[in-house]
Number of protein chains: 2
Amino acid sequence: MRIGILAKAAGVSVPTIRYYESIGLLTPPARQGGQRIYASEDVKALSLIRHCRDLDFSLDETRDILASVQRRLPCSDTKSFAEQHLRSIRKRIAELRALEATMASLVSGCETTCCGSTAPDCVILQPGQVNCG
Amino acid sequence: MRIGILAKAAGVSVPTIRYYESIGLLTPPARQGGQRIYASEDVKALSLIRHCRDLDFSLDETRDILASVQRRLPCSDTKSFAEQHLRSIRKRIAELRALEATMASLVSGCETTCCGSTAPDCVILQPGQVNCG
DNA sequence: CTACGCCCTCAAGCCACTTGAGGTTCAAGC
DNA sequence: GCTTGAACCTCAAGTGGCTTGAGGGCGTAG
């Protein structure tokens with residue numbers, strides 16, 4: 001199985017596969033005439049990586065998850081990765097919602113207060129306390 | 001006014017100021033003995049950049065906003081930057097909420113279904129349709 | 001004149017890839 | 001056997017928005 005077939009099977013681009021190999025996330029496969037030849041197990045491994053990336057785990061986190069799979073560690077380990085990730089997602093959502101509220105109030109403030117003025121005087125651009133981030 | 005003073009006045013790090021100059025966001029100031037000397041207007045300019053960054057505008061967007069300020073364009077231009085930014089923030093929030101829902105359901109699925117099993121069999125790691133991103 | 005803090009430039013590192021240049025291998029058709 | 005075209009190879013650089021580090025210069029107070 002050549003790299004292009006693997007790429008389609010796992011839904012990942014060809015350069016990305018080579019990149020994963022270069023950083024040690026995928027083990028280098030056998031070669032024939034200089035070209036990489038993969039086995040069907042590699043589809044599983046790469047699909048798992050793609051799944052982790054779809055869930056927005058970082059590559060470092062993905063590496064840890066792969067290790068826990070290879071060592072057949074208990075499911076509770078997997079769950080704690082997921083829980084920690086969920087916390088960071090929720091934190092990020094809270095930050096973005098604060099930012100959304102700030103932006104929305106600035107836009108409505110511009111509409112009621114300064115529209116018709118020029119950019120340097122616009123309330124949106126007045127440095128003030130921004131409750132976000 | 002030397003760079004360290006400007007940095008404190010605008011709440012930005014010294015290397016960041018030099019970086020902004022290197023990409024053409026800040027105009028290079030006068031020099032004395034090789035050292036940058038800033039005027040009080042530069043505090044305003046840099047504070048505006050910081051304000052845009054606090055609102056999570058990209059540096060490219062910030063550059064456009066600065067241009068609209070310098071040209072004294074109407075406030076409506078500023079508002080449309082803000083509205084577009086608000087749309088992208090809301091889109092990002094929606095993506096993250098979908099991801100949050102997916103992760104939360106995987107975690108609870110693990111608790112009810114597979115806890116006590118090992119990582120390779122955990123429902124969290126089963127490649128399936130992930131409704132996010 | 002020495003010590004210290006602040007300043008300077010240039011280069012590399014972070015993350016997760018993508019893009020491009022320039023060259024090699026493979027499979028199919030004639 | 002030869003040619004063509006797709007797929008493969010390596011290596012380097014680019015993306016964003018900085019931060020960090022190395023190695024050195026300037027200014028001022030004691």
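The chains referred to below are lettered A, B, ... by the order of the sequence lines, with proteins before strands, and numbering in each begins at 1.
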Taking only side-chain nitrogens and oxygens of [X], does any of them come within less than 4.0 Å of OP1 or OP2 of [N]?
X: Arg31(A); N: dC8(D); answer: no
X: Arg36(B); N: dT9(C); answer: yes
X: Tyr20(B); N: dG17(D); answer: no

Task: Test log, rule salt bridge (charged side-chain N to carboxylate O under 4.0 Å, His left out), inputs Lys44(A) and Glu41(A) - done: CA-CA 5 Å; Lys44(A) 279 188 192 168; Glu41(A) 297 163 358; over 6 Å; no
Mind checking side-chain hydrogen bond (donor to acceptor under 3.5 Å, both in side chains) for [X] and listing every partner two or more places apart, or none if nothing turns up?
X: Arg97(A); result: none
X: Ser13(B); result: Thr16(B)
X: Gln84(B); result: none

- [ ] Output every pair passing salt bridge (Lys or Arg N to Asp or Glu O under 4.0 Å) with a member in residues 112-122 of chain A, not counting sequence neighbours, ordered by first then second residue.
- [x] none
Task: Qualifying salt bridge (Lys or Arg N to Asp or Glu O under 4.0 Å) pairs, either residue in residues 59-70 of chain B, two or more places apart - done: Asp60(B)-Arg63(B)
Write down the distance between [atom1] ([X]) and [atom2] ([N]), rounded to a whole number of angstrom.
X: Ile3(B); N: dG25(D); atom1: CD1; atom2: C1'; value: 15 Å
X: Ile37(A); N: dA7(D); atom1: CD1; atom2: P; value: 15 Å
X: Glu21(A); N: dC9(D); atom1: CD; atom2: C1'; value: 12 Å
X: Arg53(A); N: dT18(C); atom1: CZ; atom2: C1'; value: 14 Å
X: Leu25(B); N: dG16(D); atom1: CG; atom2: P; value: 13 Å

- [ ] For residues Val43(A) and Ala10(A), report the shortest heavy-atom separation together with the two atoms involved.
- [x] O-CB, 4.5 Å
Once rounded to the nearest 0.5 Å, what's the spacing between atom [atom1] of [X] and atom [atom2] of [Y]?
X: Leu6(A); Y: Leu26(A); atom1: CG; atom2: CG; value: 7.5 Å
X: Ile93(A); Y: Glu100(A); atom1: CD1; atom2: CD; value: 11.5 Å
X: Leu25(A); Y: Ile49(A); atom1: CG; atom2: CD1; value: 4.0 Å
X: Glu83(B); Y: Thr78(B); atom1: CD; atom2: OG1; value: 11.0 Å

Task: With sequence neighbours excluded, residues passing ring-ring contact (aromatic ring centres under 6.0 Å, His included) with Phe57(A) - done: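 With neighbours one apart ignored, the set is His85(A).
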Short N/O separations, protein against nucleotides 23-25 of chain C, under 3.5 angstrom:
none

Open item on the list: Regarding Ile23(A), tell me which of base, sugar-phosphate or nothing describes its non-hydrogen contacts under 4.0 Å with the strands shown.
Closed with: nothing
TODO: Check each residue of residues 4-19 of chain A for a non-hydrogen atom within less than 4.0 Å of any atom in DNA chain C, then write out the ones that pass by number, or none.
DONE: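 Correct list: Ser13(A), Pro15(A), Thr16(A), Tyr19(A).
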- [ ] Please list residues of residues 59-66 of chain B whose heavy atoms come under 4.0 Å from any atom in DNA chain C, ordered by number; otherwise none.
- [x]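 Going residue by residue through residues 59-66 of chain B, none turns out to have a heavy atom under 4.0 Å of DNA chain C.
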Open item on the list: Please enumerate all residues that pass side-chain contact (heavy atoms from CB on, under 4.5 Å) together with Arg71(A), with sequence neighbours excluded.
Closed with: Leu73(A)
- [ ] For Gln35(B), check side-chain contact (heavy atoms from CB on, under 4.5 Å) against everything at least two apart and list the hits.
- [x]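 In terms of side-chain contact (heavy atoms from CB on, under 4.5 Å), with neighbours along the sequence ignored, Gln35(B) is linked to Arg2(B).
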- [ ] Strictly below 4.0 Å, heavy-atom distances to any atom of DNA chain D: list the hits from residues 81-89 of chain B, or just say none.
- [x]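 The answer is none.
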